[in-house]
J.: 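Starting off with a structure, shown below.
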Amino acid sequence: MMELVHRSDVLRLDHSSRLWLPPPPGPKEPPDAQEHPKMEGSEELESSLLTQPWASVCFGESAFLAKACFRDTGYILLISDLSGVWYESADAEAVGQRSKELNKRLTVHVSSFLHHLCKLMCPLLAGQPDATTSFSCHHTAGGLSLHVKSELSGLPFYWDFHCCPAPMEMVSCHLVRPLIRMSLALQYQVQELTSLLLQKDAEIEDYRESGAALSRDRLQTEPFQEKTFQQNFMAESLPEICGAGEGQAFASALRQLYAAVTQQEAKQARKRQHSEDSEGPAPAAETAGHPHPLPPSQEDETASSSEGTMPSSSPAQKPRLPAAKAKRKKVKGLFS
């Protein structure tokens with residue numbers, strides 16, 4: 001057999017034009033992780049996907065929200081057009097089988113294939129799609145198909161994501177619950193800013209009563225009125241925001257907030273799991289004197305739920321500065 005070798009440890013190309021790529025180097029898994037690789041790999045993917053923020057992407061003239069997670073054990077893709085949510089979860093075995101069907105001239109180790117697929121998808125999700133990679137999306141019977149076309153070492157590279165409707169629990173976990181918590185966080189932030197504005201108005205009023213004057217009239221502002229601000233926002237700003245288009249659903253700041261919220265949710269879930277594992281079943285001697293004891297995890301779950309969904313403090317509980325402070329010595333030239 002005629003064989004051409006270029007960097008023999010990296011690339012071999014024989015007369016049948018089949019390209020072989022070895023797996024990328026990586027740390028060796030411990031023995032206990034190799035006993036149940038599929039189960040642990042799936043749990044790691046699902047946990048990592050939760051904290052991945054949604055990204056606004058366009059396929060043709062259609063706008064979508066998407067998020068994905070790639071590992072050596074497989075990948076998960078979640079995509080939505082805000083009318084439906086679809087996903088695909090594929091392990092290494094399924095990826096290897098599909099790669100043989102779509103790329104017959106390529107003989108690629110599964111981990112290398114997943115690494116290359118990740119390099120194609122990450123720029124798209126980051127808002128910087130590669131010009132050499134094309135994406136097309138179309139609806140199928142009961143699902144959504146995303147076709148990827150690119151190159152790998154000079155040979156054509158193809159991949160199809162076959163997405164099916166996402167279950168309700170997945171939609172709730174990745175969209176509904178995080179959005180509710182984001183709304184609560186933003187509401188708390190608005191209350192904090194409102195309180196700060198009122199304090200600033202009181203401070204400025206005190207300066208004015210002390211004789212201070214602005215050196216530039218254009219900097220003068222009216223005292224903040226919360227009710228008037230809300231009315232103007234609903235009448236003027238809200239229609240403009242709602243007409244911005246579905247593709248702008250997750251701007252940069254909101255992506256950061258989404259990641260922070262889901263990280264807190266994951267932390268709370270780990271705490272609850274650790275609490276349940278450490279408590280275990282109650283001893284018989286403890287339950288003998290209580291015919292109807294309260295389940296040990298009910299109070300903990302209630303407290304954890306309240307902690308995860310509500311802020312730890314409320315602006316209403318914080319002391320407000322007085323509207324005007326005691327007269328101080330006259331200050332001149334403060335704003336000059």
Side-chain angles (χ1 to χ4, degrees), residues 45-58 63-69 76-87 121-122 124-127 163 165-197 224 226-227 229-273 300-318:
L45 279 170
E46 292 176 2
S47 177
S48 299
L49 181 68
L50 176 61
T51 56
Q52 292 291 326
W54 290 91
S56 298
V57 297
C58 290
F64 291 86
L65 295 176
K67 60 190 312 193
C69 182
I76 299 181
L77 171 69
L78 196 58
I79 186 169
S80 172
D81 61 357
L82 299 185
S83 296
V85 183
W86 301 269
Y87 86 106
M121 292 295 296
C122 286
L124 174 70
L125 298 176
C163 302
M168 186 59 65
E169 173 59 26
M170 178 175 280
V171 176
S172 176
C173 182
H174 290 271
L175 269 178
V176 180
R177 289 202 298 266
L179 289 178
I180 290 176
R181 287 179 169 86
M182 288 172 65
S183 298
L184 290 173
L186 290 173
Q187 181 182 9
Y188 179 78
Q189 186 181 56
V190 168
Q191 292 173 349
E192 287 280 286
L193 292 174
T194 299
S195 176
L196 183 61
L197 281 173
F224 178 73
E226 182 178 2
K227 185 176 181 180
F229 173 79
Q230 292 288 354
Q231 291 175 346
N232 292 338
F233 178 82
M234 294 294 183
E236 300 173 5
S237 301
L238 188 61
E240 182 179 351
I241 295 173
C242 293
E246 297 175 350
Q248 304 299 323
F250 277 85
S252 176
L254 289 181
R255 295 185 66 190
Q256 296 177 8
L257 179 59
Y258 178 94
V261 166
T262 52
Q263 287 171 5
Q264 288 297 322
E265 184 174 352
K267 185 185 297 184
Q268 293 296 330
R270 287 193 297 269
K271 286 183 178 179
R272 288 194 295 268
Q273 184 64 38
D300 295 339
E301 291 179 357
T302 303
S304 299
S305 175
S306 300
E307 182 181 353
T309 57
M310 295 298 294
S312 58
S313 62
S314 172
Q317 297 174 351
K318 295 185 178 182

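For the single chain, residues carry numbers from 1 onward in sequence order.
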J.: Would you give the length of the straight line joining atom CE of M121 to atom CG of L124, rounded to the nearest 0.5 angstrom?
T.: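 Reported to 0.5 Å precision, the distance equals 5.5 Å.
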J.: How close do T51 and T262 get, counting heavy atoms only, and between which atoms?
T.: CA-OG1, 3.4 Å
J.: To the nearest 0.5 Å, what is the distance between CD (Q273) and NZ (K271)?
T.: 14.5 Å
J.: Q230 vs K227, test: side-chain contact (heavy atoms from CB on, under 4.5 Å). Steps then yes/no.
T.: CA-CA 5 Å; Q230 292 288 354; K227 185 176 181 180; 5.8 Å; no
J.: Has F229 got more than 12 heavy atoms of other residues, nucleotides or ligands less than 6.0 Å from its CZ?
T.: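 Counting other residues, nucleotides and ligands, CZ of F229 stays at 12 neighbours or fewer.
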J.: List the atom of V261, the atom of P178, and the distance in Å for their closest heavy-atom pair.
T.: CG1-O, 4.0 Å
J.: To the nearest 0.5 Å, what is the distance between CD1 (I180) and OG (S172)?
T.: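 Spacing of CD1 (I180) from OG (S172) equals 7.5 Å.
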J.: Which pair of non-hydrogen atoms, one from L50 and one from Y258, has the smallest distance, and what is that distance?
T.: O-CE2, 3.8 Å
J.: With sequence neighbours excluded, tell me which residues meet salt bridge (charged side-chain N to carboxylate O under 4.0 Å, His left out) with R177.
T.: E169, E265
J.: Nearest 0.5 Å please: distance from the CG atom of L49 over to the CD1 atom of I76.
T.: 5.5 Å
J.: To check you understand the geometry: which heavy-atom pair defines the closest contact between M182 and L254, and what is its length?
T.: CE-O, 3.7 Å
J.: For K67 and L125: C-alpha separation, side-chain torsions, deciding distance, then whether side-chain contact (heavy atoms from CB on, under 4.5 Å) applies.
T.: CA-CA 7 Å; K67 60 190 312 193; L125 298 176; 5.8 Å; no
J.: How would you list, by chain and number, every residue that makes a ring pair (Phe, Tyr, Trp, His ring centres under 6.0 Å) with F233, sequence neighbours excluded?
T.: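 Ring pair (Phe, Tyr, Trp, His ring centres under 6.0 Å) list for F233, sorted by chain: empty.
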J.: Kindly say whether L175 contributes a backbone atom to a donor-acceptor pair with the side chain of W54 at under 3.5 angstrom?
T.: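 Not confirmed, W54 side chain does not pair with L175 backbone.
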J.: Evaluate side-chain contact (heavy atoms from CB on, under 4.5 Å) for M170 paired with V85, printing each intermediate quantity in order.
T.: CA-CA 9 Å; M170 178 175 280; V85 183; 6.0 Å; no
J.: Looking at C163 and W86, what are the two nearest heavy atoms and their distance?
T.: CB-CB, 3.6 Å
J.: Determine, stepwise, if the pair L197 / E226 fulfils side-chain contact (heavy atoms from CB on, under 4.5 Å).
T.: CA-CA 10 Å; L197 281 173; E226 182 178 2; over 6 Å; no
J.: Looking only at heavy atoms, which two atoms of Y87 and A166 are closest? And how far apart?
T.: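 Nearest heavy atoms, Y87 then A166: CD2-CA, 3.6 Å.
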J.: Ignoring hydrogens and angles, tell me if any N or O in the side chain of S195 forms a donor-acceptor pair with the backbone of Q191 under 3.5 Å.
T.: no
J.: With sequence neighbours excluded, what pairs up with S48 under the side chain to side chain donor-acceptor pair (under 3.5 Å) test?
T.: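 Only R71 meet the side chain to side chain donor-acceptor pair (under 3.5 Å) criterion with S48.
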